[in-house]
There are 2 protein chains.
Amino acid sequence: MIDDKLQIAIETLKKSGVRITPQRHAVLEYLLTSMSHPTADEIYKALEGKFPNMSVATVYNNLRILREIGLVRELTYGDDSSRFDSNMNDHYHIICEDCGKIVDFHYPTLDEIESLAEKVSGFEISHHRMELYGKCHECSKVKVQ
Amino acid sequence: MIDDKLQIAIETLKKSGVRITPQRHAVLEYLLTSMSHPTADEIYKALEGKFPNMSVATVYNNLRILREIGLVRELTYGDDSSRFDSNMNDHYHIICEDCGKIVDFHYPTLDEIESLAEKVSGFEISHHRMELYGKCHECSKVKVQ
DNA sequence: CTCTATGCAAACGGTTTGCACGCGG
DNA sequence: CCGCGTGCAAACCGTTTGCATAGAG
């Protein structure tokens, strides 16, 4: 399952003429395995056991390459670190304002809104993004009063 | 019109016990007058004629205070600078991917989506944001082929 | 063997902070 | 005249870049 996705991703890398280094493989595997939406630094820390000498720059470089090839999406929220998502299907995100957890939210794409926006603004709309903010179940429980 | 808004804003400042310095007044006035959604640096540059010695820090400090009081909203997109919006009514934004222009987009708040997201995720949703991306009329004209 | 990827450190850019002085109320 | 706000410079932090070396194909 994950292995299938990994094999397909590696095929895509090969087709694009991108070398499969151990570090790159590890970053990719981590993104595909991880159910979270990790930051570059989280990936860096998660892999430092396996690659004690790997530099953050390598993580960033690989994330950029994976993004350019279309294997990974970069999620940018505010001033904080970018987060990376290997789920390339259209979906929205729900973000916990307390703990920062991000969960996927599947909902039909808001095409009508794009059409209306085109009409009223004169823009050629290419895509949109939406995030919902709130408190996750765990964080809601914490401060009861 | 703008003057009314400015007067109301200044009242809010006074009520909050925030001093009205010339620099703060100027930042506030610029935000209310500006139809764009300026960055801190744009505000800084726009006012350096009137305040040649003003520092960026002062702009940032004042923007933070205005935000905390609820007179201004901070728009954070990706890694770029934050932009500031004195229109506190609920609205969405349409952003030109070429020139960066931001225009307001009024559309009924997507309450049903918030409700559904609460149900499927178990989060307590407090709000959401949405931006539409595309090319504005001017930028569409430029590269025809 | 070639050329890309890596590791390291320095650079970068937006934003924040510490501190002494200035000025609003 | 008290204390917040300002200006200045340094600090910060995520990210990028330059460069010499290592290693994938």
Side-chain angles (χ1 to χ4, degrees), chain A residues 9-30 37-69 71-84 100, chain B residues 9-30 37-69 71-84 100:
Chain A
I10 287 175
E11 278 313 308
T12 309
L13 285 177
K14 281 185 186 164
K15 264 182 263 169
S16 310
V18 175
R19 290 185 183 163
I20 293 133
T21 65
Q23 294 90 333
R24 185 163 294 156
H25 187 279
V27 169
L28 184 55
E29 188 178 22
Y30 184 79
H37 300 72
T39 63
D41 201 59
E42 281 165 8
I43 298 170
Y44 173 62
K45 287 195 166 55
L47 299 180
E48 73 178 355
K50 215 183 286 182
F51 299 94
N53 296 319
M54 184 169 59
S55 85
V56 237
T58 298
V59 177
Y60 278 105
N61 286 335
N62 283 319
L63 289 170
R64 179 174 41 73
I65 284 163
L66 295 176
R67 169 165 48 77
E68 285 166 0
I69 295 180
L71 288 173
V72 157
R73 190 173 297 171
E74 184 172 0
L75 313 174
T76 54
Y77 305 120
D79 303 333
D80 301 339
S81 298
S82 290
R83 294 181 166 277
F84 295 86
Chain B
I10 288 176
E11 279 312 308
T12 309
L13 286 178
K14 282 186 185 166
K15 263 182 263 170
S16 308
V18 175
R19 289 186 184 163
I20 294 133
T21 66
Q23 294 90 334
R24 186 163 294 157
H25 187 280
V27 169
L28 185 53
E29 188 178 19
Y30 183 80
H37 300 72
T39 63
D41 201 59
E42 281 165 8
I43 299 170
Y44 173 62
K45 287 195 167 53
L47 299 180
E48 73 180 354
K50 215 183 289 183
F51 299 94
N53 295 318
M54 184 169 60
S55 86
V56 238
T58 298
V59 177
Y60 278 105
N61 286 335
N62 283 320
L63 289 170
R64 180 174 39 73
I65 285 164
L66 296 174
R67 168 164 49 78
E68 286 168 359
I69 295 181
L71 289 174
V72 158
R73 191 173 297 172
E74 184 172 0
L75 312 173
T76 53
Y77 305 119
D79 302 333
D80 301 339
S81 298
S82 290
R83 295 181 166 276
F84 295 86

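Letters A, B, ... are given to chains in the order of the sequence lines, protein chains preceding strands, and every chain is numbered from 1. What you see is a predicted model, and the numbers here were worked out from it, not measured in a lab.
- Distances shorter than 4.0 Å separate none of the side-chain N or O atoms of S81(A) from OP1 or OP2 on dC13(D).
- Residue N62(A) is in sugar-phosphate contact alone, with no base atom involved, counting any heavy-atom pair closer than 4.0 Å across all strands shown.
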Handout entry: side-chain contact (heavy atoms from CB on, under 4.5 Å) between H25(B) and I10(B), intermediate numbers included
Key = CA-CA 8 Å; H25(B) 187 280; I10(B) 288 176; 3.6 Å; yes

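- Residue R24(B) places at least one side-chain N or O closer than 4.0 Å to OP1 or OP2 of dT6(D).
- Nucleotide dG25(D) holds its C1' atom 19 Å from the NZ atom of K15(A), rounded to whole Å.
- Here R73(A) contributes atom CZ and H37(A) contributes atom NE2; the two are 10.0 Å apart, rounded to the nearest 0.5 Å.
- Distance CZ (R19(B)) to C1' (dC4(D)): 4 Å, rounded to an integer number of Å.
- One can place OH of Y60(B) at 13 Å from P of dT17(C), the figure rounded to the nearest angstrom.
- For the pair A46(B) and Y30(B), the tightest heavy-atom approach, listed with the atom from each and the gap, is CB-CE1, 3.6 Å.
- Between the C1' atom of dG23(D) and the CG atom of N53(A) lies a distance of 15 Å, rounded to the nearest Å.
- For the pair I65(B) CD1 and dT15(C) C1', the interatomic distance rounds to 15 Å; values are reported in whole Å.
- Which of dC8(C), dT15(D), dT15(C) sits closest to the side chain of S55(A) comes down to dC8(C).
- dC3(C) atom P lies 20 Å from atom CG of N61(A), rounded to whole Å.
- Rounded to a whole Å, the OH atom of Y77(A) is 14 Å from the P atom of dT15(D).
- Taking the nucleotide of DNA chain D with the nearest heavy atom to each of F51(B) and A40(A), the more 5' of the two is matched to F51(B).
- For the OP1/OP2 pair of dT4(C) and a distance below 4.0 Å, the side-chain nitrogens and oxygens of T21(A) include no atom meeting the criterion.
- When heavy atoms are screened at a 4.0 angstrom cut-off, R64(B) is found touching no nucleic acid atom at all.
- The CZ-P distance, from F84(B) to dT15(C), rounds to 7 Å in whole Å.
- Side-chain atoms of L63(A) and E74(A), non-hydrogen and from C-beta on, never get closer than 4.5 Å to each other.
- Across all strands, T39(B) comes closer than 4.0 Å to no nucleic acid atom at all (heavy-atom distances).
- Q23(B) has a side-chain polar atom (N or O) that falls below the 4.0 Å cut-off from OP1 or OP2 of dG7(D).
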Handout entry: Full working for side-chain contact (heavy atoms from CB on, under 4.5 Å) between T58(B) and T21(B)
Key = CA-CA 11 Å; T58(B) 298; T21(B) 66; over 6 Å; no

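- For T58(B) and dG7(D), the shortest distance from a side-chain N or O to OP1 or OP2 is below 4.0 Å.
- The side chain of P22(B) lies closest to dG24(C) when the candidates are dT6(D), dC8(D), dG24(C).
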